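Remember, predicted model here, so these are calculated numbers, not experimental data. Chain letters run A, B, ... following the sequence lines, proteins first and then strands; every chain starts at 1.
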Amino acid sequence: MPQTQTTISVFLKDGSKKEIPAGSSGLDLAKSISNSLVKKSIGLLLNGESKDLLTVLKDGDKVEIITQDDPSSYEFLRHSTAHILAEAVQNIFKGARIAIGPVIEDGFYYDFEIPNHKLTPDDLVKIEKEMQRLIDEDQKFIRVNIQDVSKQIKEFKSQGEKFKAELLEEHKNENPTLYVLEDKSGNPVWNDLCRGPHITSSKQVKAFKLLSVSGAYWRADETKESLQRIYGTSWWSKEELDAYLHKIEEAEKRDHRKLGRQMELFSMHDETGPGLILWHPNLAFVRSQMENYWRELHQKNGYEIVYTPHIARTDLWNISGHNEFYKENMFYMNVDQQDYVLKPMNCPFHVLIFKSTRHSYRDLPIRMAELGTVYRYERSGVMHGLARVRGFTQDDAHIFCRKDQYVEEIKGVIKLVDLMYKGFGLEYFAELSTKPKDAIGAKESWDFAETGLEQALKEYGLAYKINPGDGAFYGPKIDFKLKDALGRIWQGATIQLDFNLPNRFELKYTEKDGSQEQPVMVHRAIYGSLERFAALLIEHFAGAFPLWLSYKQVIILPITDRQIDYANKIANLLKEKNIRAHVDERAESVNAKIRDAQLEKIPYMVIVGDKEVKENNISIRMRKKGDTGTTTIDKFIELLLNEISQKII
RNA sequence: GCCGAUAUAGCUCAGUGGUAGAGCAACGGUUUUGUAAACCGUAGGUCGUCAGUUCAAGCCUGACUAUCGGCUCCA
């Protein structure tokens, strides 16, 4: 008699085998393991793919139960919260059409086309209320295979859901599924075309918040429909949500634009125009330290420093191709019936310097560096403090080398990047961007350039990620991303290969055998732009710069004006050692002086009263640690000089 | 550039059509202080710009400019 199989075997995360009744779902599996697991179970990692908890398991499946403790569980939650958002929006705004609603870092968004209504922050409150109502209704997420695709497309179209119809048409051969939300009595109340996976019930959404509204385009294409986007976040508990909101607040406090005003770092003015920065003394000092450090390391590492003008005749940009390919980003001017361009890049000038003498193979590599200020027309909506501006200074350099030197040169740049970032205590990681679709240049050039970059990364031993198709049209690149104190990512150094300019300017050098060869040209920047890097430093340190970058390093606070002379004497001793010391001579209480110094984020306060004068010592208060007691002036100077020279963070 | 919001004293913000307000900062005075804010007083504004509606506009309407949240683009 043939036996029907009544049990199946699945393999758990630890590799162990588990027998369960045929037809069991992931939830059944969890139940068979423990009750506490059931409570925390959210979804499955089934044979390496994220799946609903209710997915029916098959014999031989590898199953991992995703619980709330697992970071990937938030994708289930947030994606599902996005669906509830969409349902709520459609309940409130009849005729609203839904586009897409993906999970993003720490949250989600959903795009809508809402005829005749512009969403306001007040609407978010209303929508949140409706979402809460839906959550409380305990709606079930039911996965349904779309059997008849053309029928479903018709249905979407008849409902006006043109975006969903378009998406389904596109994915019709990928076993498309629909997620239906059912109310308590099992009646379908809403659905969305979706691959899933989802949580099982709306009730699992314990803590969510809608954060902002903004504009977006259908398929991120500005020629297509303009949509309204709602951003939100969602967490397993109120505590988690509060912690997240607190983190956002902390980030806002560090915003370099806010600190820029508070700490008198920089300003911008209507009279100068947008995206043009005025560096005030406090930040100008940070910049000069950045520049000095840069100069020192570049000179030590075989770079030669050059200066080039801010404008050049359009002729130059015609040769370089910028006047053709970069036109919409350039500022033009006409003087004495001559056309000039405000430089958007430094490279053509460096190329001209290279070209103005003949080069032997022995001369190479030539590494030419400049802190070059460039101007680029940026569209009006994109400016952002120091991080995105129209005038900025690049720590630019161009390396002209032979093919056989190329990999070593790239390794040299990586080493310099590593060295420079150490001075700021910054973590970073690398990304390799390869040939894009609209690339120019021969395939051999691209292959040479890409394999060379990759080889350099490997030989240097730096981990990297590949971004296929993300290179510049004229060559591949390595990007360095910096991580700040809050874990946020900033664009840092970039290394780019350029086969375009050597061609256009017909660059040559003489080889051993007398033949004329074209040099390889590497374009690189390590800070990227001094403006953006300064923004990063402000936010990373929350304005509390390390000693070597601080404009005011020490402030001396006499307790009464009897100690002013003594305070000035100490200030002079410090100044003799090139330590930037100031005296707060105001007729304020010590508490007020301390508070002001603390708000100014001055690293060291020296407090002197009658006691210190009598004992010829000083009392130190550190910005980070508070009162650290008394010490001698000599010891204090030694401490400071060490901290400065070591660039201690 | 696009979608949406905002623009009041140096800064942060209040002010729903009828004589422009607060706190901090600034300035003057008093206080001489021991580890995050002493006290009193003075001054400071064509309410982003330009037009319109109204007997009357910071407030309503429009255009422009800038900023903010995004999109797109990017160092």
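In terms of position on RNA chain B, the residue among A/Val608 and A/Ser226 whose nearest nucleotide sits closer to the 5' end is A/Ser226. Nearest-nucleotide mapping onto RNA chain B: of A/Asp270 and A/Thr630, the residue sitting toward the 5' end is A/Thr630.
At the heavy-atom level, A/Tyr377 lies under 4.0 Å from the strands shown only through sugar-phosphate atoms. Within 4.0 Å (heavy atoms only), A/His269 reaches no atom of the nucleic acid at all. Counting non-hydrogen atoms under 4.0 angstrom, A/Gln491 reaches the backbone sugars and phosphates but no base. Using a 4.0 Å heavy-atom criterion, one finds that A/Glu378 contacts the bases of the nucleic acid, with or without backbone contacts as well. Base engagement by A/Arg379 is indicated by at least one non-hydrogen atom pair under 4.0 Å involving a base atom. Residue contacts shown for A/Val590 are limited to sugar-phosphate atoms, with no base heavy atom under 4.0 Å away. Base contact: A/Arg376 has a heavy atom under 4.0 Å from a base atom. Using a 4.0 Å heavy-atom distance criterion, A/Ala597 is classed as making no nucleic acid contact. No engagement by A/Val374 is indicated, since no non-hydrogen atom pair under 4.0 Å with the nucleic acid exists. Within 4.0 Å (heavy atoms only), A/Lys611 reaches at least one base atom of the nucleic acid. Residue contacts shown for A/Glu612 include a base, since a base heavy atom lies under 4.0 Å away. Among the heavy atoms of the strands lying under 4.0 Å from A/Tyr231 are primed sugar atoms or P, OP1, OP2 only; no base atom is included. Within the 4.0 angstrom heavy-atom criterion, no nucleotide atom of any strand lies near A/Asp221. Counting non-hydrogen atoms under 4.0 angstrom, A/Asp561 reaches a base of the nucleic acid.
Looking at A/Lys552 and A/Glu600, a side-chain N of the basic residue comes within less than 4.0 Å of a carboxylate O on the acidic one, giving a salt bridge. We find that A/Asp255 and A/Arg257 are joined by a salt bridge, their nearest charged nitrogen and carboxylate oxygen being less than 4.0 Å apart.
Comparing the P positions of B/A9 and B/C13 gives an interatomic distance of 11 Å, to the nearest angstrom. If you take atom P in B/C64 and the same atom in B/G23, they sit 39 Å apart, rounded to whole Å. Separating the C1' atom of B/G45 from that of B/C11 is a span of 15 Å, rounded to the nearest Å. The same atom, C1', is picked in B/C2 and in B/A56; the two are 39 Å apart, to the nearest Å. Taking atom C1' on both nucleotides, B/C59 is separated from B/U53 by 13 Å, rounded to a whole Å. B/U31 and B/C39 have their C1' atoms separated by 8 Å, given to the nearest Å. Atom name C1', nucleotides B/G17 and B/C47: the rounded distance is 15 Å, in whole Å. Atom name C1', nucleotides B/A22 and B/G44: the rounded distance is 14 Å, in whole Å.
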Secondary structure of RNA chain B in dot-bracket form (Watson-Crick or G-U wobble, distances below 3.5 Å, | marking inter-strand pairs):
(((((((..((((....[..)))).(((((.......))))).....(((((..]....))))))))))))....
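Residues satisfying the ring pair (Phe, Tyr, Trp, His ring centres under 6.0 Å) test with A/Tyr566, not counting sequence neighbours, are none.
Panel note: side chain A/Arg254, backbone A/His540; a donor-acceptor pair is recorded below 3.5 Å.
A 4.0 Å heavy-atom criterion places the boundary nucleotides of RNA chain B facing chain A at B/G1 to B/A75, written 5' to 3'.
Cation-pi check for A/Arg78 over A/Phe108 is not met; the charged atom does not lie both under 6.0 angstrom from the ring centroid and within 45 degrees of its normal. In this structure, A/Lys483 forms no cation-pi arrangement with A/Tyr428, as its terminal cationic atom is not both closer than 6.0 Å to the ring centre and no more than 45° off the ring axis. A cation-pi arrangement is absent between A/Arg532 and A/Trp490, since the terminal nitrogen or guanidinium carbon is not both under 6.0 Å from the aromatic centre and inside a 45° cone about the axis.
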Check step by step if side-chain hydrogen bond (donor to acceptor under 3.5 Å, both in side chains) holds for A/His269 and A/Ser267.
CA-CA 7 Å; A/His269 301 266; A/Ser267 63; 2.8 Å; yes
Applying side-chain hydrogen bond (donor to acceptor under 3.5 Å, both in side chains) to A/Glu612 and A/Thr630, what does each step give before you reach the verdict?
CA-CA 8 Å; A/Glu612 284 77 10; A/Thr630 55; over 6 Å; no
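Between A/Lys601 and A/Phe541, every side-chain heavy-atom pair lies at or beyond the 4.5 Å cut-off.
Remark: A/Thr233 OG1 to A/Leu210 CG distance equals 10.0 Å, nearest 0.5 Å.
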